[in-house]
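So that we are looking at the same thing, I have put the structure below in structure tokens.
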Amino acid sequence: QEQLVESGGGSVQAGDSLRLSCTASARTFYNEHIGWFRQAPGRDREFVAAISRGGLSTRYADSVRGRFTISRGNARNTVDLQMNSLKPEDTAVYYCGSSTVVFNGRPTPLERDFHSWGQGTQVTVSS
């Protein structure tokens, strides 16, 4: 089974920006929705953002809306997560996964609907 590949994590100060990338095979990239999730120490993995396979529909968690932007880089089969105005509470391991499930007309935000998880990339935001 395919495993997506995350990259771009790092350690930054509060208020800084980071750009994460999720690389998929062409088959997955063009046929499935891609979502970003994160898991902080001692907490469950939570939804961050998702984008439809065509790139026309997105969904964001309330905690990141207006600060994070998810987009598709068609030339590279990647889905990027631009993270601005980072906060210490954004500190987590960030994962991407793929899904074919739609909820209320947009990609599902439910972890159980995603698969092909990558190994994750660490994002640390210090105050």
Side-chain angles (χ1 to χ4, degrees):
Q1 184 179 4
E2 178 182 6
Q3 185 176 45
L4 306 183
V5 179
E6 305 92 344
S7 62
S11 296
V12 298
Q13 298 287 321
D16 286 349
S17 298
L18 273 176
R19 190 175 185 90
L20 306 183
S21 290
C22 172
T23 303
S25 68
R27 178 174 174 270
T28 295
F29 181 81
Y30 287 106
N31 289 286
E32 301 199 25
H33 318 306
I34 303 295
W36 282 97
F37 287 71
R38 66 187 181 187
Q39 187 167 22
R43 302 187 65 175
D44 293 334
R45 187 152 54 183
E46 65 174 4
F47 172 76
V48 175
I51 189 166
S52 63
R53 59 187 178 186
L56 297 181
S57 178
T58 58
R59 185 189 293 272
Y60 294 94
D62 290 343
S63 59
V64 306
R65 187 176 294 111
R67 299 188 298 123
F68 290 12
T69 302
I70 190 169
S71 62
R72 284 182 170 266
N74 290 339
R76 299 174 288 117
N77 291 349
T78 63
V79 171
D80 296 335
L81 185 68
Q82 177 66 41
M83 306 186 296
N84 298 330
S85 303
L86 282 162
K87 305 176 181 180
E89 51 264 44
D90 294 319
T91 295
V93 178
Y94 284 69
Y95 300 89
C96 62
S98 62
S99 173
T100 58
V101 179
V102 172
F103 178 72
N104 283 349
R106 290 185 290 166
T108 177
L110 301 179
E111 181 185 1
R112 65 171 184 256
D113 294 330
F114 285 81
H115 55 86
S116 302
W117 298 101
Q119 293 295 316
T121 185
Q122 176 71 47
V123 172
T124 302
V125 185
S126 56
S127 57

- Hey, quick one: are Val101 and Tyr30 part of the same hydrophobic cluster, counting side-chain heavy atoms closer than 4.5 Å, chains of contacts allowed? no
Hey, what do you get for CG (Asp113) to NE2 (His33), rounding to the nearest 0.5 Å?
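It is 10.0 Å, given to the nearest 0.5 Å.
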Result for side chain to side chain contact (heavy atoms under 4.5 Å, CB included) between Met83 and one of Asp16, Val123, Asp90 points to Val123
Problem - Atom CZ of Arg72 with >12 non-hydrogen neighbours under 6.0 angstrom - result: yes
Provide the closest heavy-atom pair for Pro107 versus Ser52 in the form atom of the first, atom of the second, distance.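 It is CG-N, 3.4 Å.
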**Prompt:** Given side chains that start at C-beta, do those of Tyr94 and Trp36 come closer than 4.5 Å, heavy atoms only?
**Reply:**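 In contact.
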Quiz item: Is there side-chain contact between Thr108 and Val102, with heavy atoms separated by less than 4.5 Å?
Solution: no
May I ask you to check whether Phe114 and Phe37 place their ring centres under 6.0 Å from each other? yes
inquiry  = Does any part of the side chain of Thr23, heavy atoms only, come nearer than 4.5 Å to the side chain of Leu4, both counted from C-beta?
reply    = no
field: In one Ile/Leu/Val/Met/Phe/Trp/Tyr side-chain cluster, 4.5 Å: Val64, Val12
entry: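 Shared cluster, yes.
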(request) Please report the shortest heavy-atom distance between Ser126 and Pro88, naming the atom on each side. (result)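 So the minimum-distance heavy-atom pair works out to C-CG, 4.5 Å.
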**Asked** Is it the case that Glu32 and Ser98 place a side-chain donor and acceptor less than 3.5 Å from each other?
**Response**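 Yes, Ser98 and Glu32 have a side-chain donor paired with an acceptor closer than 3.5 Å.
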Closest non-hydrogen atom pair between Leu86 and Leu18, with its separation: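 For Leu86 versus Leu18, the nearest heavy atoms are CD1-N, 3.8 Å.
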In the structure I gave you, are the side-chain heavy atoms of Arg38 and Phe47 within less than 4.5 Å of one another anywhere?
no
- More than 12 heavy atoms of other residues, nucleotides or ligands under 6.0 Å from CZ of Phe103: is that the case? no
Would you say the side-chain atoms of Asn84 and Ser17 include a donor-acceptor pair closer than 3.5 Å?
yes
Q.
Quick one, Tyr95 with Gln39, criterion side chain to side chain contact (heavy atoms under 4.5 Å, CB included). Give me CA distance, side-chain angles, the key distance, then yes/no.
A. CA-CA 8 Å; Tyr95 300 89; Gln39 187 167 22; 4.1 Å; yes
Here the gap from Ile51 atom CD1 to Cys22 atom SG, rounded to the nearest 0.5 Å, amounts to 11.5 Å
Next item on the list: Taking all non-hydrogen atoms of both residues into account, name the closest pair between Ala49 and Tyr60 and its distance.
Entry: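 Nearest pair, atom of Ala49 first, then Tyr60: CB-CD2, 3.7 Å.
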Should Arg19 and Ser71 be marked as a side chain to side chain contact (heavy atoms under 4.5 Å, CB included) after you check the CA-CA gap, both sets of side-chain angles, and the distance that decides it?
-> CA-CA 11 Å; Arg19 190 175 185 90; Ser71 62; 3.8 Å; yes
Is it true that the side chains of Ser116 and Gln3 contain a donor and an acceptor less than 3.5 Å apart? no
message = Would Val48 and Leu81 count as a side chain to side chain contact (heavy atoms under 4.5 Å, CB included) here? Give the steps.
response = CA-CA 10 Å; Val48 175; Leu81 185 68; 4.1 Å; yes
Given side chains that start at C-beta, do those of Arg67 and Lys87 come closer than 4.5 Å, heavy atoms only? yes
Between Glu6 and Thr121 the two heavy atoms that sit nearest each other are CB-CG2, 4.0 Å
Task: CZ-OG distance between Phe68 and Ser63, expressed to the nearest 0.5 angstrom - done: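 Rounded to the nearest 0.5 Å, the CZ-OG separation comes to 7.5 Å.
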Quiz question: by atom type and distance under 3.5 Å, do the side chains of Ser21 and Asp80 form a donor-acceptor pair?
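The criterion, which ignores hydrogens and geometry beyond distance, is satisfied for Asp80 and Ser21.
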- Query: Is the shortest heavy-atom distance from the side chain of Gln122 to the side chain of Thr91 under 4.5 Å?
  - Reply: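 Yes, close enough: below the 4.5 Å cut-off.
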Margin query: Please determine whether side chain to side chain contact (heavy atoms under 4.5 Å, CB included) holds for the pair Thr28 and Ile34, giving the CA-CA distance in whole Å, both sets of side-chain angles, and the decisive distance to 0.1 Å.
Written below: CA-CA 9 Å; Thr28 295; Ile34 303 295; 4.2 Å; yes
query = Does Arg53 count as lying over the ring of Phe29, i.e. NZ or CZ under 6.0 Å from the six-ring centre, within 45 degrees of the axis?
reply =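 No, Arg53 and Phe29 do not form such a contact.
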| Are the side chains of Arg45 and Trp117 in touch, meaning some heavy atoms are under 4.5 Å apart? | yes
